[in-house]
Structures are given as C-alpha cells and as structure tokens.
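FYI, the numbering just counts along the sequence from 1.
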Amino acid sequence: MADPKGFLTTGREGAKTRPVAERVKDWNEVYVPGSLLPIISKQAGRCMDCGIPFCHNGCPLGNLIPEWNDYAYREDWSAASERLHATNNFPEFTGRLCPAPCEAACVLGINQPAVTIKNVEVSIIDKAWDSGDVTPQPPERLSGKTVAVIGSGPAGLAAAQQLTRAGHTVAVYERADRIGGLLRYGIPEFKMEKVHINRRIEQMRAEGTKFRTEIEIGRDIDAAKLRQRYDAVVIAAGATVSRDLPVPGRELNGIHFAMEYLPLANKVQEGDFVQPPITAEGKHVVVIGGGDTGADCVGTAHRQGALSVTQLEIMPRPGEERNAGQPWPTFPMLYKVTSAHEEGGERIYSVSTTHFEGDEDGNVQFLHLVEVEFKDGKLEQKPGTERKIPAQLVTLAMGFTGTDRSNGLVEQFGLELDERGNIARDADFATNVDGVFVAGDAGRGQSLIVWAIAEGRSAARGVDRYLTGASELPAPIRPTDRALTV
C-alpha cells in the first residue's frame, strides 16, 4: 500500500485548466502543461489498495489501478508504465477522454471524493513517453497469417496492435485520409492533441502494422474479395450513422450533424483548410444533444467565435449527487460541467425541438422549441411553453444509431445483425461469416472509448485462437458484458 493514511490526510486535487480567456483563443489542450506532476504522487497515495478493488470492475479493461497508483506514489514511473500497459494499449487516450467509470466505482468514493485515477493514468503515460519507456514491441517471429482490420478507431487500433505483437501480419484499412477514426476527426484538439495519436501510429508501424488510408471497404474494395485476400478480418468500423431529427425545416441550410461539423475543425488543425467550410464565426449556434459530443460542439463553437451558444437536452437536468436509484459502485448520471461549458453558453434541459424557421434564401434563422415532461412514463409537451431562439448554425449531437450500411460492407460480407441493428457475434467476437470478427461500436453499439479498447483486445484473442488454435492474448470482456450502471 502506498500511503496508509493518504486518504485521510490528502484531499482530492485535480488537473488545473488554463484561464478561459486564454484557451478559447487557441486549440491546445485546456490543461496547464506540467501541472499534474508536482501533485500526482500524493494523489496516487490516496488509493487505499482495497482488499476488493471495485475500480477493477468499473473499468472494462480491468486496469491494475492500485498497483500503478502505488508505483506512482513511489515515483517509480517505469514500473507504473509497465503495469499500466499490461491492460491498456493506449492509456494516453483513455487518460484524456474516458469518463472514468473506475472513479465512480472507487471504494473511497462511498463517502469521500474518489481517487483521481484518470489524472494518475495520464501522468504515468506522459512521463513514460518523455522518459523513453514507450518503445516498439515487434514480435519475435511471424506466424505467416494475415489479418485485415477495417477501421482505425480505438477498437481497430487495439486489435491491430495485439495481433501484430502476436506475430500476425496486420493491415488496417481506414476510409478517411488519416488514421485514428473518431479519435482523429471526432475529438477536438482541445480535448486531445493529435500528437498522441501520431506517435502511437509510429510505434505500431515500427512493430510491423501496415496502414491503408482512403480505402473504404464495400466501396473501394469488395468485402468478399477482402476476405479471400486475408486469413481473417476484424470489422471495427464503429457506429457512425448519426441520429437525425425529422422535424419541419430540417432541410434548411446551416443544420448539420455533429460529425459533419467537428471533423472540419480538426482538418484546419491538420493544415487542410485555413477556414473550415462550416464555421460558427459570427453566428448564433444551437447544439441539440447534451452529451459529450454536444459539449465538443460547444467548445468548438467558442473557439470559432460564435455570437452565442445554446445547448438543448430533452431529458431533465441531472442531480449533482447520486440518487437512490444509482448507488455506488454504479456509474451515476450526474450534472457535469465540462471545460467547454466553463467557457460560456447556455444549457436548456427538458425541451424538444418542434421545427426550424429559415429566411428567404433557405438558411436557418430560428429554432422553435417546447418544454417537455414525463407523465406515466411518456414524454409529453407542456402547453403554453413554446418559444423560439436564434439559430444560424445548428449541430445535431444526439448520438449514433449503428454501423454504416450504405457502403455495402454488411451485405457484401453477408453479416447477420442483432435485434439492436449491430453486427451479431459469438463468445469469441466472431460473426456468422467464417474468419470475420467484429469489435467496438460496430458490434456493441455506441459506447465509450474504454469499452472500444477492451473489445479490440478481446476480439484479438478470438482471432488469434481462430488462426492458431490457441491464444495467450488477454480478453478483458465478453461480448455480452455491459457497463456497471443502471
């Protein structure tokens, strides 16, 4: 155990953010560089090294949290990095982007603020990169087997790295012009600078993984022909079909899916544009959807110089403390103020959009909404609460409904879908097509980055066993596992 009295003597202290007035003028990460290292060892010392560490259950990867907390407390950064990488291929991704269900399950969190597990994680991996402890791990010998991975998001990259290290020859196919999936084009730069993706890709290249960009399986290459070319295929194409809002006026100019809007802002940071084709500059912006993607749109609009930003959510505002229906160690639905919300704008809960109003040129100008409430388990409009708000740019951030089927991938493979419209799979993450496996949101449905990495690792074991008859690769989850929540 690190510090037997740490949880009694040290209060929770998180990462410091840069002043709002400063950070909205650039696209760098919002945190003060280097601010965690002076405090993180004491923060790690708050870990109680519980006899039953529920943080393991809270984390789909089964991260060895008390172990690397202990090493971080002792400032043995190399050992901490080794323990961290034992269960997680990309801790710099999860340390920045995961909502930390491990902290919700922290035993200390029953009656005190939980350990800052996520901050400890990102401190360890950033220190490891700075110290040169993260190096390529090429296989000792090749198996002679080949694997194609479709999609280069966290699930695809995790599966590819695991299978490459197992000795298989792996090629990752990505339909975008750069590797990274939603990590690259869905996550704004201020949440995760893309240097973190770039150096992982270089590590994977040095290990032997091949990358093929601007190739969409189903359109550019027939899926059935791809299966003939490789000994196995892993589908990690995500759940990229955005949920639409079919109300009058939806066809007006200026109404876009979040995943039409956010990638263009990232492409500016990549140097592809000087100004994005869709921008919030000088406009009243409305973001429909109260989740993380909506918050990403809010922060992006601030940096582009929006006149105002309003975020709408159909559900009631969550409470600031756990309610009786969401007891520890489940992941509670709490009111969350992200860095983007700290930067300004208005959040309106319990409202529904009725229609959009445009000008004579077909450009959206106003959004009409009405307050809603639950009655007998149904959502009903409240009479007399209709109003309109200015809206010259609207982004739809209401989640995703499943894997893209318009490119023909599902039909060309002949894949079966489950009752939720996801690609069906068995206990080894194998589909109904011999040698074809599925990992991540394509099989699970829209989920968290930590689940995607866990799925990629687990699917890699299934592929390895299919190719060789046995596997020593870890499989942290089963396809049927779900988050510890209500």
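- For the atom pair CD1 (I221) and CG (L226), the distance works out to 6.0 Å, reported to the nearest 0.5 Å.
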Practice item. Assess whether salt bridge (charged side-chain N to carboxylate O under 4.0 Å, His left out) is satisfied between D418 and R425, documenting all intermediate values. Key: CA-CA 8 Å; D418 63 19; R425 66 267 183 94; over 6 Å; no

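- Between the T279 side chain and the P276 main chain, no donor and acceptor come within less than 3.5 Å of each other.
- Between D222 and R227 no salt bridge is recorded (no basic side-chain N to carboxylate O distance below 4.0 Å).
- Counted by atom type alone, Y261 and Q304 present one or more donor-acceptor pairs between their side chains at under 3.5 Å.
- In this structure a side-chain-to-backbone donor-acceptor pair under 3.5 Å is present from E313 to G290.
- Checked by atom type and distance alone, the side chain of N432 pairs as donor or acceptor with a backbone atom of E416 at under 3.5 Å.
- Ion pairing between a basic and an acidic side chain is recognised when a charged N comes within 4.0 Å of a carboxylate O; R212 and D220 show no such pairing.
- Environment of OH in Y31: sparse, with no more than 12 heavy atoms of neighbouring residues, nucleotides or ligands closer than 6.0 Å.
- The minimum heavy-atom distance between D426 and D428, with the atom names listed, is OD1-N, 2.8 Å.
- Heavy atoms of other residues, nucleotides or ligands lying less than 6.0 angstrom from CZ of R478 number 12 at most.
- Between the side chains of Q203 and Q161, at least one donor N or O sits under 3.5 Å from an acceptor N or O.
- Judged by distance alone, with hydrogens and angles left aside, the side-chain atoms of E174 form a donor-acceptor pair with the main-chain N or O of A176 at under 3.5 Å.
- No cation-pi contact links R184 to F93, judged by a cut-off of 6.0 Å to the six-membered ring centre and 45° from its axis.
- Of the listed residues (E343, E29, H302), just one forms a side-chain hydrogen bond (donor to acceptor under 3.5 Å, both in side chains) with R23, and that residue is E343.
- The local environment of NZ in K210 is sparse, with at most 12 non-hydrogen atoms from other residues, nucleotides or ligands closer than 6.0 Å.
- Atom CD of E321 is surrounded by 12 or fewer heavy atoms from other residues, nucleotides or ligands within 6.0 Å.
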Exercise for review: Walk me through it: do S308 and H284 pass the test side chain to side chain donor-acceptor pair (under 3.5 Å)?
Suggested key: CA-CA 5 Å; S308 69; H284 296 288; 2.7 Å; yes

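- Between W27 and F190, the angle of the ring planes lies from 30° to 60°, which puts this pair in the tilted group.
- For the residue pair N88/E121, the side-chain donor-acceptor check at 3.5 Å is satisfied.
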